[in-house]
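Scroll down for the structure; my scribbles are underneath it.
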There are 2 protein chains.
Amino acid sequence: MSPSANFKRQTVAATLADALRERILNQELEEGSALRQDALASEFGVSRIPVREALLQLEGEGLVVQVAHKGYTVSVLSCDDIRELFDLRALLEVDLLRRALPRMTDEVIAKAWSIVETFDDRLKHKAEEVNWGVLNWQLHSTLYAPAGREQTMRMLQSLHRSADRYLRMQLKIAQRSNDRARSEHARLVALCEQRDGVEATRLLNEHILTARDELLDFLITRTNGSNGVDDKSKDDRQFR
Amino acid sequence: MSPSANFKRQTVAATLADALRERILNQELEEGSALRQDALASEFGVSRIPVREALLQLEGEGLVVQVAHKGYTVSVLSCDDIRELFDLRALLEVDLLRRALPRMTDEVIAKAWSIVETFDDRLKHKAEEVNWGVLNWQLHSTLYAPAGREQTMRMLQSLHRSADRYLRMQLKIAQRSNDRARSEHARLVALCEQRDGVEATRLLNEHILTARDELLDFLITRTNGSNGVDDKSKDDRQFR
DNA sequence: GTTTTGGATATTGTATATAATATACGGATG
DNA sequence: CATCCGTATATTATATACAATATCCAAAAC
C-alpha cells in the first residue's frame, strides 16, 4: 500500500456532491441561484447523469431544492428556518451529550482538547475560515460519539452543514463570535473532563442558542442594510 | 378542472420512489435484500436511470443503503437503531407539541378528533393495516403543524416511516398494542383540547416510549424464535 | 393596449449504449 | 491441499441520444 495512493474509490457523483456542497457552503453558489445541469456537467467534464445524482444527494441534505421539470436551486433559509435549525441542534446535541458523558473515556477528552488547540492555532495563524465548520463538527462529534447514536449523528451533521453556510458569513466579519465560541469550547471540554453533566449540558445549550441569536442579529442587520437572506420576500431570481 | 383529471405531474423517478417505499414498508421487500436496478427497471417497464434516482431518494430517507459499485440494499435496523428511532421521535415530538399547543386552534382539534374517529372506524371494519402508519402520521402531524416547524416535520416524517416498517410487523399480531395506541390518541387529543400542555406532553412521551418497548419486546421474542430483525449478526445474504 | 396563442429555444427527464468495477469460478502453481 | 491469478460473467456507473416539459417572445385577436 503506497501511502500516497489516493485511489478514487469514490464515484464521480459523490465527488461532485462534495464539490458542490463546498461551493454552497462557501457562498460561491448563492442561495436561491439555479443549478444548471448542463453547465455543471461541461464545467466538470462529465455527463449530466452524475450531476443529477449529486444534486439528488444534496437535496437529501437540504442544501438544494428541486422543482420537477424546472430544476434545482440552492435552498434558501428564512430567519425562522435558521432559528429552527439551531433550536433543533440544541435539542439533539444536549440529548447526545447527556448520553455520551457516562461513557466518555479519557481518550475522547484528549482528542477533544487537541481539537480545541487546533482552533487556537488556526486563530493565531490567521488561517482562512474555510474549515471552521469542519473543525467545529469534529469537536462536537467527538464529544457525542460515545453516545453510539449513528442515526442522530447523521441528521445532526446535515444540520451542522446547513448552519455552517450562514455561520461562515458571520465569521468573516464578527471576530467576537469566534472568540466566544472558542472559549466556550474550552469550558465545555473542561466540564466534560470533570464529568459534570448538568453544567456541561447547560453550557452546550447556551453555546448553541447564543450562536443562534448572534447569527440572527447579524443576518437581520445585514438584511436591513440591503442584500442577504431573503426575509420572506419571494424573489423570482432563482430561474433565469 | 375536471375532477377526475389525474395529471401525472410527477416524474417517473418519484413514482418509483413511492412504489418502492411502499414495498419496503409492507415487507414485500425484506430488510437486507438487494435491489437490482435491472430487475426493477424491467419490472416497471422503465430504464435504469429513474430507478437509480428513486433509490437515491430512498437512501436520503434511510430506507435503503448504498455501497458504491455494489448496489443498494433495504436498510437493516438493529434493535439499538430502533430504540434510537423511537427515542428521537419522543424528543422531537414532545418539543413540537409543546410549541404547537399555544397556537392550536379549534379547527386543528376538530381535525384531530376526526382522525381519531377514522382509527375507530378502521378497527370496526377490520380494514387492512396498510394505512395505519399513514393515519398515525396524519394525526401526529396535525397536532404538530401549528408549531410551524417545517424542517423538523420533514425529519420526523422520515423517522415515522422507518418506524412504520417495524410497527406493521407488530400490528399484524398484537391487537393489544393497537387498542392501547388508539385510547392514548383519544386521551392525547382531549388533553390538547383542554390546553393541558404538561399532561399532554407527558402522555405523548409515554405513548412513544411505550410503543418503543412493546415493539422491542415483540422483535426480541420473534428473533429468539428464529427469523427476524438481524440482531447484530452480520449476515451476508444481501448480495447474491 | 391588453390578452392570448403559437412556435422557437432552453432545460429537464428518460432511454439506450458503453465503460468500469466487482464477483465467481477454474486452472496453474507451490 | 491451499493459494494465487486470470478470465468470464454480472452489475453498477457514466456517456450519449432522444423525448417531454417549461420558458420566452412575437404576432394575432379582442
Side-chain angles (χ1 to χ4, degrees), chain A residues 1 5-21 24 29-30 32-60 63-75 234-240, chain B residues 1 5-21 24 29-30 32-60 63-75 234-240:
Chain A
M1 289 186 209
N6 204 352
F7 287 133
K8 51 171 183 180
R9 263 269 142 277
Q10 261 194 144
T11 171
V12 174
T15 310
L16 280 176
D18 290 340
L20 292 177
R21 185 188 303 112
I24 293 172
L29 287 169
E30 289 182 33
S33 61
L35 297 165
R36 287 285 120 76
Q37 301 172 9
D38 228 341
L40 292 172
S42 60
E43 177 188 347
F44 286 98
V46 298
S47 83
R48 275 173 41 216
I49 301 292
V51 173
R52 290 174 61 82
E53 298 191 348
L55 290 172
L56 267 166
Q57 180 177 338
L58 293 181
E59 189 183 25
L63 293 177
V64 305
V65 172
Q66 181 188 26
V67 179
H69 297 175
K70 292 184 70 176
Y72 293 84
T73 59
V74 179
S75 68
K234 289 211 167 184
D235 66 340
D236 55 356
R237 69 187 144 90
Q238 45 259 50
F239 294 113
R240 53 172 39 243
Chain B
M1 288 189 211
N6 203 352
F7 288 134
K8 52 170 182 181
R9 267 267 141 275
Q10 258 194 146
T11 171
V12 173
T15 310
L16 280 175
D18 290 341
L20 292 177
R21 186 187 303 110
I24 293 172
L29 287 169
E30 289 183 32
S33 61
L35 298 165
R36 286 285 120 75
Q37 301 171 10
D38 227 342
L40 293 173
S42 61
E43 177 187 348
F44 286 97
V46 299
S47 84
R48 278 177 36 213
I49 301 290
V51 172
R52 290 175 61 81
E53 297 191 349
L55 290 172
L56 268 167
Q57 180 177 338
L58 294 181
E59 189 184 26
L63 292 178
V64 304
V65 172
Q66 181 190 28
V67 178
H69 301 286
K70 291 184 70 177
Y72 293 83
T73 58
V74 179
S75 67
K234 289 210 168 186
D235 67 337
D236 54 356
R237 69 187 145 91
Q238 45 256 53
F239 295 111
R240 54 171 40 241

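Order of the sequence lines sets the chain letters (A, B, ...), proteins ahead of strands, with each chain counted from 1. Only a predicted model underlies this, so the values are computations on that prediction, with no experimental measurement involved.
- Between C/dT12 and A/R52, no contact under 4.0 Å exists linking OP1 or OP2 to a side-chain N or O.
- The side chain of A/E53 lies closest to D/dT14, out of D/dT14, D/dT21, C/dT14.
- For the contact set between residues 12-21 of chain A and DNA chain C, defined by any heavy atom under 4.0 Å, there are no members.
- Comparing C/dT16, D/dA15, D/dA13 by their nearest atom to the side chain of B/S47 picks out C/dT16.
- Listed pair B/Q66 / D/dT12 fails the phosphate criterion, with no side-chain N or O lying under 4.0 Å from OP1 or OP2.
- Remark: A/E59 pairs with A/L56, A/V64, A/Q66, A/Y72 by the side-chain contact (heavy atoms from CB on, under 4.5 Å) rule, at least two apart or across chains.
- Between the P atom of D/dA13 and the CD1 atom of B/I49 lies a distance of 11 Å, rounded to the nearest Å.
- Residue A/T11 has a polar side-chain atom (N or O) positioned under 4.0 Å from OP1 or OP2 of D/dT14.
- Applying the 4.0 Å criterion to OP1 and OP2 of C/dT12, one finds that A/R48 has every side-chain N and O outside that range.
- Remark: B/R36 is in phosphate contact with D/dT12, judged by side-chain N or O atoms under 4.0 Å from OP1 or OP2.
- Atom-to-atom, CD of A/Q37 to P of D/dT14 comes out at 15 Å; the value is rounded to the nearest Å.
- A donor-acceptor contact shorter than 3.5 Å is absent between the side chain of B/T73 and the backbone of B/S75.
- Straight-line distance from the CG atom of B/L55 to the C1' atom of D/dA13: 14 Å, rounded to whole Å.
- When every heavy atom of A/A54 is checked against every heavy atom of A/L20, the shortest pair comes out as CB-CD1, 4.5 Å.
- One finds no side-chain N or O of A/Q10 lying less than 4.0 angstrom from the OP1 or OP2 phosphate oxygen of D/dA13.
- Distance alone, capped at 3.5 Å, places no donor-acceptor pair between the B/S33 side chain and the B/L29 backbone.
- Within the 4.0 Å cut-off from OP1 or OP2 of C/dT11, not a single side-chain nitrogen or oxygen of A/K70 is found.
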